[in-house]
Engineer: 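This is the structure I want to talk about, given as structure tokens.
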Amino acid sequence: MDQGTARELLDAERAEASALIESMHARLAAVVDAAVDEHADDEHDPEGSTLAFERGQLVAQIDRSTQRVAEVDAALTRLANGTYGRCLDCRGDIAEVRLEALPATGVCITCASRRHRSRW
Ligand SMILES: [Zn+2]
């Protein structure tokens, strides 16, 4: 993949993740406000636990998106130093179709599946 295309894909991915983080922060603020209101009305309102659940989901999504931005930044660094598209684990080339689907990825499909398996 040429540098210009990679840069465009990474910029788009970063913009998307940043926008997501922003909108989830706004929703989180709304959920927190709603939870405060619920608490004032009735501590045992079942809505309260729904809000706590939604808040947990939002926090997890924000974490994931923040991680994604960090991965994109790392990929941009690799692009700048000429190692973009090379697997961080085996140093082989990452397939173009994989980079198109996951522009921020740092590992090839073989290493990605090995990493996944090693968690178990
Ligand atoms: Zn690899």
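Nothing here was measured: the structure is a model prediction, and the numbers come from that model.
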Engineer: Answer whether the closest heavy-atom distance between the side chains of L99 and L9 falls below 4.5 Å.
Structural biologist: no
Engineer: About how many Å separate CG of D63 and CE of M24, when rounded to the nearest 0.5 Å?
Structural biologist: 9.5 Å
Engineer: Would you find a donor on one side and an acceptor on the other, under 3.5 Å apart, between the side chain of T66 and the backbone of I62?
Structural biologist: yes
Engineer: I109, L102: one ILVMFWY side-chain cluster at the under-4.5 Å cut-off?
Structural biologist: no
Engineer: Does the side chain of H25 reach to within under 4.5 Å of the side chain of L58, using non-hydrogen atoms?
Structural biologist: no
Engineer: Let me confirm one number: the OG-CD distance from S18 to E13, rounded to the nearest 0.5 Å.
Structural biologist: 10.0 Å
Engineer: Taking it one step at a time, do Q61 and L20 satisfy side-chain contact (heavy atoms from CB on, under 4.5 Å)?
Structural biologist: CA-CA 9 Å; Q61 281 177 334; L20 256 171; over 6 Å; no
Engineer: Are more than 12 heavy atoms from other residues, nucleotides or ligands located less than 6.0 Å from atom CZ of R68?
Structural biologist: yes
Engineer: Around atom CZ of R27, are there more than 12 heavy atoms from other residues, nucleotides or ligands closer than 6.0 Å?
Structural biologist: no
Engineer: How far does CG of D89 sit from SG of C108, to the nearest 0.5 angstrom?
Structural biologist: 7.5 Å
Engineer: Taking side chain as C-beta onward, heavy atoms only, is E71 less than 4.5 Å from L76?
Structural biologist: no
Engineer: Heavy-atom count check: over 12 atoms from other residues, nucleotides or ligands less than 6.0 Å from E22 CD?
Structural biologist: no
Engineer: How many angstroms lie between SG in C111 and CZ in R91, if you round to the nearest 0.5 Å?
Structural biologist: 10.5 Å
Engineer: Has R14 got a side-chain atom pairing as donor or acceptor with A70's backbone, closer than 3.5 angstrom?
Structural biologist: no
Engineer: Ignoring hydrogens and geometry, is there a side-chain-to-backbone donor-acceptor pair from E96 to M1 under 3.5 Å?
Structural biologist: yes
Engineer: Using every non-hydrogen atom in the two residues, find where V69 and A17 come nearest and quote the distance to one decimal.
Structural biologist: CG2-CB, 3.6 Å
Engineer: For E16 and V72, run side-chain contact (heavy atoms from CB on, under 4.5 Å): C-alpha distance rounded to whole Å, both residues' side-chain angles, the deciding distance at 0.1 Å, then the answer.
Structural biologist: CA-CA 11 Å; E16 194 190 312; V72 170; over 6 Å; no
Engineer: Can you tell me how far the OG1 atom of T105 sits from the CD1 atom of I94, to the nearest 0.5 Å?
Structural biologist: 5.5 Å
Engineer: Measuring from atom CD of Q3 to atom CG of L79, what distance do you get when rounded to the nearest 0.5 angstrom?
Structural biologist: 4.5 Å
Engineer: Provide the full list of side-chain hydrogen bond (donor to acceptor under 3.5 Å, both in side chains) pairs with a residue in residues 78-88, sequence neighbours left out, each pair given once.
Structural biologist: N81-T83
Engineer: Identify the two heavy atoms, one from P103 and one from L10, that lie closest to each other, and give their separation to 0.1 Å.
Structural biologist: O-CD2, 3.4 Å
